[in-house]
Amino acid sequence: MLKQAADVLKNASRAVVMTGAGCSVEAGIPDFRSPSGWWRQIDPRTVATTEALEHRYELFHAFYAARIEQLREVRPHNGHSILSKWEHQGRLQLIATQNVDGLHQAAGNRNVQELHGSIRHFRCASCGRPGAEQAFLDRAPCTCGGRLRPDVVLFGEQLPEEAWHASLAAIRAADVVLVIGTSLQVYPVNQLPFLTDGTLILLNAEETGEDHRFDLVLHGRAAQLLQAMDEQ
Ligand code: APR
């Protein structure tokens, strides 16, 4: 199966990658729905929502501040570096990611579409003016008096139009879509891979419930599988 996946990628001319939290786990960032994931400790509906932002700012702030602090010593892993190499070799057109950690860009990928936004950037929840990370961590108000928030897409919010359309166009035109480290449980990103006529490959640590819709499925850890594919 791994050799088949490597061969499919080698012969691809318009490959697209879609990643989820499982692609960052080996860099030290917990995912959401695994036994050790974030949503095992805290209910997303209580923190990752505009309701929490507006009515429970302390809890909202504590949750995102913890994730920002955690990112300080986090670096891309070897799998991220391989995805960057593949882009520079012209094998990979675009990464559509659900991750907000910025690790694909840190590894050197240039065409990264952040479908759930980014925790690396901040804005005022009232006037939309950009804010600095330290100002968010210090709970410093915006000059308009509003409170700062990370540029992540909260549950119930619209996805960034440009990222969505760029990802959709690339996936429609792709001859291979490689999906890495996602449970495929969150709409509408979980629909994206199936909008391609290309070959569908899934790299994931466990069953997703959608495995049967993929042409090739490799169960394992993202960094290790990417390294093995790259070596093939
Ligand atoms: N290698 C490969 N897959 C892994 C690894 C790993 N090292 N570790 C975990 N996984 C798999 C898990 O088995 C799981 O199927 O990655 C998947 C991660 O799924 P989720 O935790 O649901 O993360 P994700 O699919 O990205 O969640 C989507 O939900 O909470 C929202 O906005 C948040 O973007 C997130 C969205």
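The two residues Cys127 and Cys144 have their closest heavy-atom pair at SG-SG, 3.8 Å. The two residues Ala222 and Ile180 come nearest to each other via the heavy atoms CB-CG2, 3.7 Å. Contact record, Ala12 with Val176: CB-CG2, 3.5 Å, taken as the closest heavy-atom pair.
Not a single side chain to side chain donor-acceptor pair (under 3.5 Å) links Ser118 to another residue, sequence neighbours left out. When the side chain to side chain donor-acceptor pair (under 3.5 Å) test is applied to Thr143, the partners found at least two apart in sequence or on another chain are Arg129. Residues satisfying the salt bridge (Lys or Arg N to Asp or Glu O under 4.0 Å) test with Asp31, not counting sequence neighbours, are none. Residues passing the ring-ring contact (aromatic ring centres under 6.0 Å, His included) test with Phe136, sequence neighbours excluded: His61, Phe122. Annotation: side chain to side chain donor-acceptor pair (under 3.5 Å) contacts of Gln113 (sequence neighbours excluded): Asn111. Every side chain to side chain donor-acceptor pair (under 3.5 Å) that Glu161 has, sequence neighbours left out, goes to His165. With sequence neighbours left out, His104 forms a ring-ring contact (aromatic ring centres under 6.0 Å, His included) with His80.
Side chains of Leu178 and Leu203 form a contact here, defined as non-hydrogen atoms less than 4.5 Å apart. Arg149 is not listed as a side-chain neighbour of Tyr64, based on a closest heavy-atom distance of 4.5 Å or more. Considering only heavy atoms from C-beta on, Arg120 comes within 4.5 Å of Leu71 through its side chain. In this structure, the side chains of Phe60 and Pro150 come closer than 4.5 Å at one or more pairs of heavy atoms. Using a 4.5 Å heavy-atom threshold, the side chains of His88 and Ser84 count as touching.
Remark: the backbone N or O of Gly198 is not paired with any side-chain donor or acceptor of Asp175 at under 3.5 angstrom. Judged purely by atom type and a 3.5 angstrom limit, Asn109 uses its side chain to pair as donor or acceptor with the backbone of Leu83. Checked by atom type and distance alone, the side chain of His77 never pairs as donor or acceptor with a backbone atom of Gly28 at under 3.5 Å. Remark: side-chain polar atoms of Thr208 are paired, donor with acceptor, to backbone N or O of Asp211 under 3.5 angstrom. Judged purely by atom type and a 3.5 angstrom limit, Ser24 has no side-chain atom pairing as donor or acceptor with the backbone of Ala27.
Atom-to-atom distance recorded for Ile119:CD1 and Glu114:CD is 11.0 Å, nearest 0.5 angstrom.
Pairs passing the salt bridge (Lys or Arg N to Asp or Glu O under 4.0 Å) check and including a residue from residues 53-70, sequence neighbours excluded, read Glu51-Arg56, Glu58-Arg139, Glu69-Arg72. Sorted by first then second residue, the salt bridge (Lys or Arg N to Asp or Glu O under 4.0 Å) pairs that include residues 82-105, not counting sequence neighbours, are Lys85-Asp230. Screening residues 1-27 for salt bridge (Lys or Arg N to Asp or Glu O under 4.0 Å), with sequence neighbours left out, gives Lys3-Asp7, Asp7-Lys10, Glu26-Arg221. Annotation: side-chain hydrogen bond (donor to acceptor under 3.5 Å, both in side chains) contacts involving residues 189-206, sequence neighbours excluded, are absent.
Counting side-chain heavy-atom gaps under 4.5 Å among Ile, Leu, Val, Met, Phe, Trp and Tyr, the cluster of Val179 also holds Val16, Met18, Leu94, Leu115, Val153, Leu159, Trp164, Leu168, Ile171, Val177, Leu184, Val189, Leu192, Phe194, Leu195, Leu200, Leu202, Phe214, Val217.
For Glu73, the CD atom sits in a packed shell: over 12 heavy atoms of surrounding residues, nucleotides or ligands are nearer than 6.0 Å.
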